[in-house]
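Structure first, then comments.
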2 protein chains.
Amino acid sequence: MPAQLKKISESTIHRLSIYYRALAALEKENRTTISSKELAKRDKLTPAQVRKDLSFFGSFGTRGLGYPVVELRNRIAEIMGLNRLWNVALVGVGNIGSALAQYKEFAKQGFNIKLIFDNDLRKIGSNHKGIIVSDVRNLKSMVVSENIDIVIIAVPAASAQAVCDEVVAGGIKAILNFAPINLKVPDDVVLRNQNMCIELEHLAFALNNKNR
Amino acid sequence: MPAQLKKISESTIHRLSIYYRALAALEKENRTTISSKELAKRDKLTPAQVRKDLSFFGSFGTRGLGYPVVELRNRIAEIMGLNRLWNVALVGVGNIGSALAQYKEFAKQGFNIKLIFDNDLRKIGSNHKGIIVSDVRNLKSMVVSENIDIVIIAVPAASAQAVCDEVVAGGIKAILNFAPINLKVPDDVVLRNQNMCIELEHLAFALNNKNR
DNA sequence: TTATATTTGTGAACAGTTTCACAAAAGAAA
DNA sequence: TTTCTTTTGTGAAACTGTTCACAAATATAA
């Protein structure tokens, strides 16, 4: 029972998120067990991959039968930290920021957008889905006082690093960045970038190199 | 000079996008050459990685000096297909869809949102940044007639597969999906998923497993 | 021109990830 | 019970991606 002994790869974490979704769906269908074979098929993976991924966290399958849906889902939630609420602050209420403020999936998965910031006087004080937009000048103090766990940066590229530095100074250890720029963060801060242009560029490359 | 002989990995493509951005910035600063060492430093990579990545596409550096900024940037643009316009259709004008419709970076990189679709009668016919929203029932015929290269799916999870099937039937070979669902596509269609919840889950995992 | 310093390009070593293959465990059927 | 089938869990093998290390090429300085 290797309870998180070895280093878990990013790809494994990613697949864990995917398994979690499949298991949630199975739970709704009242399925009680699922085999690695079937779980793999749903997401175009291999059964061996599924078993290897799960084995990093222990062995909760039953040979000859498969994995218990509810138990496995709970275990993944526990591993990923999905059985609790996370306080999220959103910085920047432009195109993308306001879309994210309204995005319902976040709340469903326990990501609670608690604070919203902007630097535009016309936006500060306005009500965004029940949350009053705060002045970005209070960013650092408020992420501390409101116990924010995760910050989403959705400001223009030019101001993203300044925002980043502020929240890091406020002790934030996890950032999701939508600005098309490479942010510099200390080693103990986890940063993930969501760059839509780069995604389109992957597609462009694929189309451009079809006949090689 | 191995002009695309070997298989290029997804990670190499990703870094190519990153180099491209760095080179664009360097060009603005009127730098004429850059070494793999400096290019690596800008993006927290290793010089060897930069050289290996570039070597897949030929050898355009000068020993003792580095790479010519303008030439290398053009070459990457050529490889990635960034020196042309791509016709993009956006399906779904909800939170995320309308944010994407207004996102200026796309046009800057040659991704031209030419068509926008929705199934909501209140939205169809309305003007979104100069583009009239079309009825999604015309999706298949219009992606063909307007020579669409790439489709962005930003509809609710429940209707995403139907939209996907339509555009695939219309001959589309590249899809960027924002719906939180695993779409099924034929092998010759490139699909990329942008799932913001999964990104937050990566961060949650990291925070949850800090002290292992 | 010659010597010294840089920096590329790349095969080889290394590291990490995925797949294979099979013993072991449990269920299902006879 | 006994036999047969299914399916897990996991070392080992295969594969993929990254880093090392150094010859070769060029620039720069003397």
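Every chain is numbered from 1, with letters handed out A, B, ... down the list of sequences.
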field: Phosphate OP1/OP2 of dT6(C) contacted by Tyr67(B) side-chain N/O (<4.0 Å)
entry: no
statement: The contact string for nucleotides 24-30 of chain C, one letter per nucleotide 5' to 3', using protein heavy atoms under 4.0 Å with B, S and - for base, sugar-phosphate only and none, comes out as BBS----
Under-3.5 Å N/O pairs linking protein and nucleotides 11-14 of chain D:
{"from": "dG11(D)", "atom 1": "N7", "to": "Lys52(A)", "atom 2": "NZ", "distance (Å)": "3.4"}
{"from": "dG11(D)", "atom 1": "O6", "to": "Lys52(A)", "atom 2": "NZ", "distance (Å)": "3.4"}

- prompt: Rounded to whole angstroms, how far apart are CG on Leu72(A) and P on dT7(D)?
  reply: 16 Å
field: Interatomic distance, Tyr19(A) OH vs dT8(D) P [rounded to whole Å]
entry: 12 Å
query: Could you state the CZ-P distance from Phe56(B) to dG9(C), rounded to the nearest angstrom?
result: 13 Å
query: When rounded to the nearest 0.5 angstrom, what is the spacing between CD in Glu10(A) and CZ in Arg192(A)?
result: 5.0 Å
message: Taking salt bridge (charged side-chain N to carboxylate O under 4.0 Å, His left out) as the cut-off, I'd like each qualifying pair that reaches into residues 81-101 of chain A, sequence neighbours left out, listed once.
response: Arg84(A)-Asp149(A)
Identify all side-chain donor-acceptor contacts of residues 100-111 of chain B below 3.5 Å with residues at least two apart in sequence or on another chain.
{"from": "Gln102(B)", "atom 1": "NE2", "to": "Ser98(B)", "atom 2": "O", "distance (Å)": "3.3"}
{"from": "Glu105(B)", "atom 1": "OE2", "to": "Lys108(B)", "atom 2": "NZ", "distance (Å)": "3.3"}

task: Among residues two or more places apart or on two chains, list those pairs meeting salt bridge (charged side-chain N to carboxylate O under 4.0 Å, His left out) that have a residue in residues 160-182 of chain B.
output: Lys173(B)-Asp188(B)
message: With a 4.5 Å cut-off on side-chain heavy atoms, are Val70(A) and Thr32(A) touching?
response: no
query: So, do Leu176(A) and Leu200(B) sit near enough that their side-chain heavy atoms are less than 4.5 Å apart?
result: yes
- request: Under the side-chain contact (heavy atoms from CB on, under 4.5 Å) rule, collect the residues that match up with Ala162(A), sequence neighbours excluded.
  value: none
- prompt: Which pairs pass side-chain hydrogen bond (donor to acceptor under 3.5 Å, both in side chains) with one or both residues in residues 39-48 of chain A, sequence neighbours excluded?
  reply: Asp43(A)-Asn182(B)
- prompt: Which whole-number value in Å describes the distance from His14(B) NE2 to dT18(D) C1'?
  reply: 16 Å
message: Just the rounded figure in Å: distance from P of dA12(C) to CZ of Arg51(B).
response: 17 Å
task: Report the distance from atom OG of Ser36(B) to atom CG of Leu45(B), rounding to the nearest 0.5 Å.
output: 11.0 Å
- request: Keeping the roles fixed (side chain from Asn112(A), backbone from Asn87(A)), state whether a donor-acceptor pair exists under 3.5 Å.
  value: no
I'd like a table of atom pairs between the protein and nucleotides 14-17 of chain C - only N or O on both sides, under 3.5 Å - with the distance next to each one.
none

- prompt: What is the distance, rounded to the nearest whole Å, between atom CG of Asp53(A) and atom P of dT19(C)?
  reply: 10 Å
- prompt: How many angstroms lie between CD1 in Ile152(B) and CG in Leu90(B), if you round to the nearest 0.5 Å?
  reply: 5.5 Å
- request: Return the angle between end axes of the helix from dT1(C)-dA30(D) to dA30(C)-dT1(D), with five pairs used per end and rounding to 10°.
  value: 10°
statement: Residues at least two apart in sequence or cross-chain that pass side-chain contact (heavy atoms from CB on, under 4.5 Å) with Val69(B), listed by chain then number, are Leu23(B), Leu26(B), Glu27(B), Arg31(B), Ile34(B)
- prompt: Is it true that Glu78(A) and Arg73(A) make a salt bridge, defined as a side-chain N closer than 4.0 Å to a carboxylate O?
  reply: no
query: Around Lys140(B), counting heavy atoms of other residues, nucleotides and ligands shown, do more than 12 lie under 6.0 Å from its NZ?
result: no
- prompt: Got a sec? Which of residues 187-195 of chain A come in under 4.0 Å of DNA chain C, heavy atoms?
  reply: none
message: Just to be sure I understand the geometry, which residues of residues 23-45 of chain B put a non-hydrogen atom under 4.0 Å away from DNA chain D?
response: none
task: Report yes if a side-chain nitrogen or oxygen of Thr46(B) is closer than 4.0 Å to either non-bridging phosphate oxygen (OP1 or OP2) of dT19(D); otherwise report no.
output: yes
query: Is a side-chain N or O of Asn209(B) found less than 3.5 angstrom from the main chain of Ile79(A), in a donor-acceptor match?
result: yes
message: Any non-hydrogen side-chain atom of Met142(A) less than 4.5 Å from a side-chain atom of Ile148(A)?
response: no
Check: Ile181(B) main-chain N/O paired with Asn177(B) side-chain donor or acceptor under 3.5 Å: yes
query: With a 4.5 Å limit on heavy-atom distance, are the side chains of Ile8(B) and Phe57(B) in contact?
result: yes
